[in-house]
Amino acid sequence: MYNIRLFVEDNGHEVFLGALIQRFASMYNVSIDPRFGNAEGGYGKMVSELKEFIKDLLNDQEELPDLLIAATDSNCKGLLKRKQQIEQALKGYGGNVIYAIPDPHIEKWLLLDSAAFKKVLGKGCPAPPQKCERDFYKRLLRDAVRATGVNPPFGGIEYGEDIVNAMDLDKLERAEASLGHLLKALRQQFQTWQQIERHSS
């Protein structure tokens, strides 16, 4: 069983990534044990928890996970800049890392596959435009769910797991750069684990 540690900035990332890695685990028939670090408090809290985790690892109080996933919205700072900021927090860490950096926000990823949205909620959603306005995609997701006749108490994120499970991952890997980076990295990782499992059985 592979130990995956995830550090995320909010519940949206936890829902999306939790569903996504379970989907990959099923696809590649690999057993995983995912554990989330921070899931609220935004970017600053996520980074401080990540630094604390690295400190404990370096002091041998934590076991090195098989994979660490660090997730934060790009917030229009760009993928590269955000990745560099997280790399600073990971200084001294020698383990396996995958970055999940939605550009600009996690809610946009849930609106990328209209067919998956329709499968879950009975009606598709319009393709999301590229905007940098704060909370824009939160509103867009909530409005898209409301347009299906459902009033979402948590803004639509509660349908995240079902939407992720219905998504056409191959198509999205090609269609959206920030999600494509993540899907490619996860695919490679799970393929590697699958090969290890085959050789050891």
Side-chain angles (χ1 to χ4, degrees), residues 2 4 6-10 12-30 32 34 66-87 96-133 136-141 143-145 147-148 156-157 159-196 198:
Y2 294 97
I4 304 176
L6 301 99
F7 287 84
V8 300
E9 70 173 51
D10 66 29
H13 295 93
E14 181 170 349
V15 169
F16 191 98
L17 289 169
L20 189 62
I21 60 172
Q22 290 293 354
R23 186 169 167 189
F24 270 94
S26 297
M27 271 162 40
Y28 288 95
N29 201 21
V30 169
I32 59 170
D66 296 299
L67 174 64
L68 188 150
I69 298 177
T72 176
D73 290 332
S74 81
N75 282 336
C76 300
K77 288 181 167 59
L79 293 178
L80 197 61
K81 190 167 181 197
R82 235 358 175 196
K83 187 180 169 195
Q84 285 167 344
Q85 288 174 332
I86 301 172
E87 281 171 343
N96 201 0
V97 184
I98 285 177
Y99 300 90
I101 306 174
D103 185 25
H105 300 111
I106 187 70
E107 290 81 8
K108 184 185 177 193
W109 281 3
L110 289 169
L111 295 163
L112 291 171
D113 189 334
S114 184
F117 198 91
K118 184 177 181 179
K119 194 174 175 185
V120 174
L121 285 144
K123 185 179 175 184
C125 58
Q130 186 67 25
K131 274 210 173 200
C132 280
E133 191 186 320
F136 174 75
Y137 292 100
K138 278 188 170 67
R139 286 199 306 276
L140 214 58
L141 177 62
D143 293 347
V145 174
T148 70
I157 211 75
Y159 298 102
E161 188 179 338
D162 292 333
I163 292 170
V164 169
N165 285 323
M167 281 177 162
D168 182 339
L169 299 182
D170 292 333
K171 189 171 146 196
L172 289 173
E173 190 175 316
R174 296 187 299 271
E176 213 282 335
S178 67
L179 182 53
H181 280 294
L182 172 64
L183 293 174
K184 213 167 278 169
L186 285 173
R187 196 183 302 282
Q188 286 169 349
Q189 183 59 68
F190 276 88
Q191 279 172 349
T192 301
W193 285 341
Q194 185 186 50
Q195 283 162 0
I196 291 167
R198 278 181 183 156

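Here the CG-CG distance, from Leu183 to Leu172, works out to 7.0 Å after rounding to the nearest 0.5 Å. Taking NE2 of His13 as the reference point, atom CZ of Phe7 lies at 14.5 Å (rounded to 0.5 Å). Of the inter-residue distances, the one linking Asp66 atom CG with Asn96 atom CG reads 8.5 Å to the nearest 0.5 angstrom. In this structure, the separation between CD on Glu14 and CG on Leu6 is 8.5 Å, given to the nearest 0.5 Å. To the nearest 0.5 Å, the span separating CG on Leu79 from NE2 on His181 amounts to 5.5 Å. Interatomic distance, CG of Asn165 versus CG of Leu20, reported as 9.0 Å (0.5 Å rounding).
Side-chain atoms of Ser26 come within 3.5 Å of backbone atoms of Gln22 as a donor-acceptor pair (strictly under, hydrogens ignored). In this structure, the side chain of Asp113 does not engage the main chain of Met167 through any donor-acceptor pair within 3.5 Å.
Take His105 and apply the side-chain hydrogen bond (donor to acceptor under 3.5 Å, both in side chains) test, not counting sequence neighbours, and it matches Asn75.
Annotation: side chain of Phe117 is not in contact with side chain of Leu112 (no heavy-atom distance under 4.5 Å). For the pair Glu107 and Leu140, the minimum side-chain heavy-atom distance is 4.5 Å or more.
Pairing each heavy atom of Ile163 with each of Leu110, the nearest pair is CG2-O, 3.8 Å. What you find for Ile69 and Leu186 is that their closest heavy atoms are CD1-CD2, 4.2 Å. Leu111 and Tyr137 make their closest contact through CD1-O, 4.4 Å (heavy atoms, listed as atom of the first residue, atom of the second, distance). Considering every non-hydrogen atom in both Leu141 and Gly156, the closest pair reads CD2-C, 3.9 Å. Here the closest non-hydrogen pair linking Asp103 and Ser178 is N-OG, 3.2 Å. Nearest approach of Ile86 to Ala70, heavy atoms of both residues: CG2-CB, 3.7 Å.
Between Trp193 and Phe190, the ring planes lie perpendicular to each other; the angle is over 60°, past the 30° to 60° tilted range. Under the 30°/60° scheme for interplanar angles, the aromatic rings of Phe16 and Trp109 are found to be tilted.
For CD of Glu161, the number of neighbouring non-hydrogen atoms (other residues, nucleotides, ligands) closer than 6.0 Å is 12 at most. Other residues, nucleotides and ligands contribute more than 12 heavy atoms inside 6.0 Å of the CG atom of Asp168.
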- [ ] Would you check, one step at a time, whether the test side-chain hydrogen bond (donor to acceptor under 3.5 Å, both in side chains) holds for Gln85 with Arg82?
- [x] CA-CA 5 Å; Gln85 288 174 332; Arg82 235 358 175 196; 2.9 Å; yes
TODO: Show your working on side-chain contact (heavy atoms from CB on, under 4.5 Å) between Ile98 and Gln188 and close with a plain yes or no.
DONE: CA-CA 11 Å; Ile98 285 177; Gln188 286 169 349; over 6 Å; no
Atom pairs and distances, side-chain donor-acceptor, residues 120-133, under 3.5 Å, sequence neighbours left out:
{"unit_1": "Lys123", "atom_1": "NZ", "unit_2": "Ala147", "atom_2": "O", "d": "3.3"}
{"unit_1": "Gln130", "atom_1": "OE1", "unit_2": "Lys108", "atom_2": "NZ", "d": "2.4"}
{"unit_1": "Glu133", "atom_1": "OE2", "unit_2": "Arg139", "atom_2": "NH2", "d": "2.5"}

